[in-house]
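Let me begin by presenting the structure, written as structure tokens, before commenting on it.
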Amino acid sequence: LTLCSIPIFASLAPISSKIIVICFFTVFVGIGSLIWGWLVERHNIRYVLGSVALVLALASAALLMVDSSTEAFLASSLFGIAVGGMLVVPPVAAATYFGRRSLGTIRGFTESFVSLGQAIGAVFSGVVFEVTGSYTAAFLCFLVLGLLTVFLILFIKPQVKVYPFSRLNYSPTDVDR
């Protein structure tokens, strides 16, 4: 999505608009990180993670509609907030669901697939653009994948810790809220 947004923003006429749109994105990544960090400490991680996927899907839709500098600023801001969430929420979700003991291994393993997905998305978008002359089909695909992700995240359940010689079997309280 990041790579595809560059040609959209590059189509803006004045160079100052292009620079400001990219700055908006960067500033809103920081703002989004703070917002998502605050939310993840106060709400069920599953719903916060689903919200990040939803905002990312909405950012895909917003990027489809960019026809002016103002729309580019809004889409860039929304996309920045979503990216801020992608930087903050998944590591917290991994720690919440799997604990911190193997967090490095789990994050290393999952980030390999994130990188693979980004590479596939970039190539896919390029092929779509070459065939159709537009990123519209690619952005629609990203929108659908984002909405599907929201749906799947709602079914994630925390692991239950079982203590064989205890009556205390529980799920982490911060996940069950």
Side-chain angles (χ1 to χ4, degrees), residues 1-6 8-9 19-66 70-122 125 135 138-159 171-177:
L1 204 56
T2 305
L3 290 174
C4 299
S5 65
I6 293 170
I8 290 171
F9 299 148
I19 294 168
I20 293 171
V21 165
I22 292 169
C23 289
F24 259 60
F25 168 76
T26 305
V27 167
F28 276 90
V29 168
I31 292 170
S33 294
L34 294 172
I35 292 168
W36 293 111
W38 183 83
L39 288 171
V40 83
E41 291 180 352
R42 288 163 180 77
H43 300 284
N44 183 312
I45 187 68
R46 184 170 34 148
Y47 300 131
V48 176
L49 188 59
S51 297
V52 170
L54 181 60
V55 173
L56 197 54
L58 293 174
S60 297
L63 287 168
L64 275 170
M65 297 183 253
V66 170
T70 303
E71 291 171 351
F73 293 137
L74 294 172
S76 179
S77 300
L78 187 62
F79 185 47
I81 289 170
V83 170
M86 289 303 299
L87 294 174
V88 172
V89 179
V92 176
T96 301
Y97 280 96
F98 303 110
R100 292 179 30 199
R101 173 175 252 156
S102 301
L103 186 59
T105 302
I106 292 167
R107 289 291 296 156
F109 181 77
T110 58
E111 283 301 310
S112 300
F113 288 98
V114 170
S115 297
L116 179 64
Q118 289 172 339
I120 291 170
S125 299
Y135 287 105
F139 282 9
L140 286 173
C141 183
F142 297 147
L143 171 64
V144 169
L145 286 173
L147 294 174
L148 179 64
T149 301
V150 172
F151 179 74
L152 292 174
I153 286 171
L154 294 177
F155 290 101
I156 297 173
K157 300 290 182 195
Q159 66 181 5
S171 297
T173 57
D174 58 344
V175 177
D176 292 335
R177 282 188 269 159

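These numbers come from the heavy atoms of this one structure, side chains and all, not from hydrogens, waters or symmetry mates.
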Rounded to the nearest 0.5 Å, what's the gap from [atom1] on [X] to [atom2] on [Y]? Could you check?
X	Y	atom1	atom2	answer
Phe139	Leu64	CZ	CG	6.5 Å
Phe73	Thr70	CZ	OG1	7.0 Å
Ile156	Asn44	CD1	CG	10.0 Å
Ser77	Phe28	OG	CZ	4.0 Å
Ser51	Ile81	OG	CD1	12.5 Å

Could you pull out all residues at least two apart from [X] that satisfy side-chain contact (heavy atoms from CB on, under 4.5 Å)?
X	result
Val92	Val40, Ile45, Thr96
Leu154	Tyr47
Leu143	Ala57, Ser60, Ala61, Leu140, Leu147
Thr149	Ala53, Ile153

Which pair of non-hydrogen atoms, one from [X] and one from [Y], has the smallest distance, and what is that distance?
X	Y	result
Phe142	Gly121	CZ-O, 3.9 Å
Leu56	Ala82	CD1-CB, 3.6 Å
Leu103	Ala94	CD1-CB, 3.7 Å
Leu49	Ala93	CD2-CB, 4.2 Å
Val55	Leu78	CG1-CD1, 3.7 Å
Gly84	Trp36	C-CD1, 3.8 Å

Is the shortest side-chain heavy-atom distance between Trp38 and Leu34 below 4.5 Å?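 When only atoms from C-beta onward are counted, Leu34 and Trp38 do not touch, as no gap falls below 4.5 Å.
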Any heavy-atom pair between the side chains of Tyr97 and Arg46 that's under 4.5 Å?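 Result yes, sub-4.5 Å side-chain heavy-atom pair found.
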Could you list all the side chain to side chain donor-acceptor pair (under 3.5 Å) pairs where at least one residue sits in residues 106-115, not counting sequence neighbours?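 Every pair satisfying side chain to side chain donor-acceptor pair (under 3.5 Å) with a residue in residues 106-115: Arg107-Glu111.
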